[in-house]
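All remarks here apply to the structure that follows.
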Amino acid sequence: MNLEPVTTAVVRGVVPVIDLRNFFDAPFGVLARAIETQRLTTLSPAFGLYHGSPGETLDLEVGFVTDRMVRPEAGAVVGSLPGGRVARLTHFGSFDGLGASWERLGSWIQARGLSAGEDRWETYVTQPSPGMDPRDLRTELNWPVTVCQPAART
């Protein structure tokens, strides 16, 4: 699918993998205050945009697509989601299974001769809530792709 780039309001961080769950909790309060005081409109569910390959730390942005640019305040800054060709997979179930779904999407991309981008993002279609059944969660995985160019013949 082809997407247009969009403006986002985000909190950025470089987070140790073991602290990822904790990192996701803090930005939403910061973003809610900035969005409310600046009278922005959110145009998407929450998302997490990952930059580069995962290692011991993750470089990421957590936020929302908004109707216009957020004025930076208290950790909320302007971001964007890329446009262009994107491979998408919908993951049903607990966040614990996201790694396997990313691997499945990566295999699908490779099998079609596409090249996966450096950045990728998750859109949290279903907002988690205390006491909910994790099987009811739905997360869209989005990975920008390009067509691999064949090697030049000499």
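One-based numbering along the sequence shown.
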Q) So, does T66 use its side chain to make a donor-acceptor pair with the main chain of R68 at under 3.5 Å? A) yes
Q: Identify the two heavy atoms, one from G75 and one from V30, that lie closest to each other, and give their separation to 0.1 Å.
A: C-CG1, 4.2 Å
Q) How about L114 and W108: do any of their side-chain heavy atoms sit closer than 4.5 Å? A) yes
(Q) Can you give me the closest heavy-atom contact between L31 and A76, atom names plus distance? (A) CD2-CB, 4.0 Å
Q: May I have the step-by-step check of side-chain contact (heavy atoms from CB on, under 4.5 Å) for L43 and V6, ending in yes or no?
A: CA-CA 10 Å; L43 303 175; V6 292; over 6 Å; no
Q) Does any non-hydrogen side-chain atom of L137 lie less than 4.5 Å from one of P128? A) yes
**Q.** Backbone N/O of S44 and side chain of T42: donor-acceptor pair under 3.5 Å
**A.** no
Q.
As a quick check of understanding, evaluate side-chain contact (heavy atoms from CB on, under 4.5 Å) for W102 and L89, giving each step before the final call.
A. CA-CA 8 Å; W102 277 115; L89 178 142; over 6 Å; no
Q) Has the side chain of T126 got a donor or acceptor atom that lies under 3.5 Å from a matching backbone atom of R138? A) yes
Q) Are F95 and F24 close enough that their ring centres sit under 6.0 Å apart? A) no
Q: Identify whether V65 and M1 are in the same connected component of the hydrophobic contact network (ILVMFWY, side-chain heavy atoms under 4.5 Å).
A: yes
Q | Side-chain touch D59/R12, heavy atoms, less than 4.5 angstrom | A | no
Q) If every non-hydrogen atom of P72 is compared with every non-hydrogen atom of V77, which pair is closest and at what distance? A) CB-CG1, 4.4 Å
**Q.** Shortest non-hydrogen separation from G55 to V17 and the atoms involved
**A.** O-CG2, 3.1 Å
Q) Any side-chain heavy atom of L60 sitting closer than 4.5 Å to one from L20? A) yes
Q. Is there side-chain contact between V145 and V86, with at least one heavy-atom pair below 4.5 Å?
A. no
(Q) Are V11 and L40 connected into the same hydrophobic cluster when the rule is that any two of I, L, V, M, F, W, Y join if their side-chain heavy atoms are below 4.5 Å apart? (A) yes
Q: Answer with yes or no whether the side chains of W121 and E61 bring together a donor and an acceptor at under 3.5 Å.
A: no
Q | Geometric cation-pi criterion, R88 with W143: 6.0 Å, 45° | A | no
Q. Is V78 reachable from V10 through a run of I, L, V, M, F, W or Y residues, each pair having side-chain heavy atoms under 4.5 Å apart?
A. no
Q) Sequence neighbours excluded, which residues qualify as side chain to side chain donor-acceptor pair (under 3.5 Å) partners of Q110? A) none
Q.
Run the side-chain contact (heavy atoms from CB on, under 4.5 Å) test on F47 and V62 for me, step by step, so that the C-alpha distance in whole Å, both residues' side-chain angles and the decisive distance to 0.1 Å come before the verdict.
A. CA-CA 6 Å; F47 69 85; V62 175; over 6 Å; no
Q: Could you tell me whether the side chain of E118 and the main chain of H51 form a donor-acceptor pair under 3.5 Å?
A: no
Q. Cluster question for you: counting only ILVMFWY and a side-chain heavy-atom cut-off of under 4.5 Å, with indirect links fine, are L49 and I35 together?
A. no
Q: Determine whether the aromatic ring centres of F64 and F28 lie less than 6.0 Å apart.
A: yes
(Q) I want to check something: taking the side chain as every heavy atom from C-beta on, are R104 and L141 in contact at a cut-off of under 4.5 Å? (A) no
Q.
Run the salt bridge (charged side-chain N to carboxylate O under 4.0 Å, His left out) test on R39 and D67 for me, step by step, so that the C-alpha distance in whole Å, both residues' side-chain angles and the decisive distance to 0.1 Å come before the verdict.
A. CA-CA 10 Å; R39 298 193 172 147; D67 62 336; over 6 Å; no
Q: For the residue pair D119 and Y50, establish whether any side-chain heavy-atom pair is separated by less than 4.5 Å.
A: no
Q. Can you check side-chain contact (heavy atoms from CB on, under 4.5 Å) on H91 and E140, steps first, answer last?
A. CA-CA 6 Å; H91 169 82; E140 288 179 351; over 6 Å; no
Q. Hey, what do you get for CG (L105) to CG (L98), rounding to the nearest 0.5 Å?
A. 11.5 Å
Q) Is there a donor-acceptor pair under 3.5 Å between the side chain of T8 and the backbone N or O of S80? A) yes
(Q) Quick check: closest heavy atoms across A34 and V70, and the distance to 0.1 Å? (A) CB-CG2, 4.2 Å
Q.
Testing the basics here: between V147 and R85, what is the closest heavy-atom pair and its distance to 0.1 Å?
A. CG2-NH1, 3.1 Å
